[in-house]
Amino acid sequence: MNDYPGRVETGLNSRENWWADMPPRTGRGPRPRRWVFFGLAFIVPGFVPAAVDLATDGATVKELVIAALLLFYGSCYVLFPLSLRPSRRKTTYVFSVLMLLIGLALVFLHDNNPYILIYATAVLAFTLPPAWSLILDGGALLVVLAVHLIIGKYDFGDLIAVISITAAMFFMANLVRAVRKLEAANQEIATLAVAGERERLARDLHDILGHSLTTITVKAGLARRILESGKDDSRALQEIREVESLTRSALSDIRATVSEYREVSLSAEVAGARAALRAAEIDADLPHAVDNVAPALQRTFGYVLREAVTNVLRHSGAKRVKVRLGKTWLEVEDDGEGGEAMAGNGLRGLTERLDAVGGTLTATTPPGGGWLVRADVPESALRSDVAAPLSEPTGGCA
């Protein structure tokens, strides 16, 4: 059982790993076709003496049988990586068991020499789950031990060497399993990190452009109406100048966001909200100072104020907006149409930001109508030095 969420179990400390197949390759180690050359380098030195004996002394029926089994056995060892495909799981099991049986037969046909069995036990360690590898390899070695005892062969030096090498292959195979799992986990972490960074950048760009473009749209509309009425060209010119200034500011903020240097200021957001609401001809009751807000919360509350005012400009149809601040809370109330709270991207993004500092966000319709957004952070969160992280939580505002 994995007691820690997200932890990758790589060892033999879980039942699942004991019965799990070898994970797929992640690009390292010899490829199956290249293994042929490595396998030949391991197996040829051991098989050459047998071939020389057959060529020089002549071959009996028994020796021909041994030679045929040796040839098939060696071919299995050289080609076993080709069977390690998920679509060939049954073939892998049959292949491994067949090779082990041939290895046992060669042991008994060759004066009970257990060394020939190493090739089969090594293959099983890499092809089968650890549990099956332990059962079959251990069972084969016990059979060899039993035959030694039956025929009265009490020199167990060779058998102990084979057991030691088999154990080394067993643990090496499980090391390969662990490395492959860790490499796969690293690839997944890298993929999630890229996705998280994209979401963070998308939300930060929204937080800037959503508010700035809404204000620009309102001011441009106001300038158009003034020009159409022909009453106050100087006021229209002033609004156009402010649109130009907002556009430059938005471009600067985008560059700063991409460079990860942008910081949201609550005082700047109050000033921006005043200008945007005035351009939309909405009566704004805003605080003149933000000194009473805890410094650790000013950045987070700046995001809340920005998003709340943007929603007022876009959706509410309000004529009056009131903003109140406290040390650990912020309220934005309007007299617009109100309605049911929709869990959109904007509220979800703000909720994540408040969660990061141990606070909560509520959006309700007051008894008198309109809309009330309140951000609240407990005093205990401040005392525990909880602060908004530099890397923003995933999600976004819309």
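If you're wondering where the values come from, they're calculated on a predicted model, not measured in any experiment. All values below were derived from every heavy atom in this structure, side-chain atoms included, with hydrogens, water molecules and symmetry-related copies excluded.
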Original post:
Can you check salt bridge (Lys or Arg N to Asp or Glu O under 4.0 Å) on E331 and R324, steps first, answer last?
Top reply: CA-CA 5 Å; E331 285 186 352; R324 292 291 179 265; over 6 Å; no
**OP:** Apply salt bridge (Lys or Arg N to Asp or Glu O under 4.0 Å) to the pair R353 and E307, showing each step before the final yes or no.
**Re:** CA-CA 12 Å; R353 293 186 189 276; E307 181 64 24; over 6 Å; no
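- Looking at D335, its side chain never comes within 3.5 Å of a backbone N or O of A318 through a donor-acceptor pair.
- In E228, the CD atom is crowded: over 12 heavy atoms of neighbouring residues, nucleotides or ligands sit closer than 6.0 Å.
- Distance alone, capped at 3.5 Å, places no donor-acceptor pair between the T300 side chain and the L297 backbone.
- The backbone N or O of S96 lies less than 3.5 Å from no partner atom in the side chain of T127, so there is not a single donor-acceptor pair.
- Taking a 6.0 Å sphere around CZ of F72, one finds it holds 12 or fewer heavy atoms contributed by other residues, nucleotides or ligands.
- For W329, the CH2 atom counts as densely surrounded, since its 6.0 Å shell holds more than 12 non-hydrogen atoms of other residues, nucleotides or ligands.
- Note: W19 and W132 have perpendicular aromatic rings, judged against thresholds of 30 and 60 degrees for the angle between ring planes.
- With hydrogens and angles ignored, the 3.5 Å screen pairs a side-chain donor or acceptor of Q298 with a backbone N or O of V290.
- Looking only at atom types and distance, the side chain of T362 has no donor-acceptor partner in the side chain of T364 under 3.5 Å away.
- Counting heavy-atom neighbours within 6.0 Å of K327 NZ, excluding the residue itself, gives a total of 12 or less.
- Y154 and F156 have perpendicular rings, their planes meeting at more than 60° on a 0 to 90° scale where under 30° would count as parallel.
- Between the N292 side chain and the L325 main chain, a donor and an acceptor come within less than 3.5 Å of each other.
- Checked by atom type, the side-chain pair E183/Q187 shows no donor-acceptor distance below 3.5 Å.
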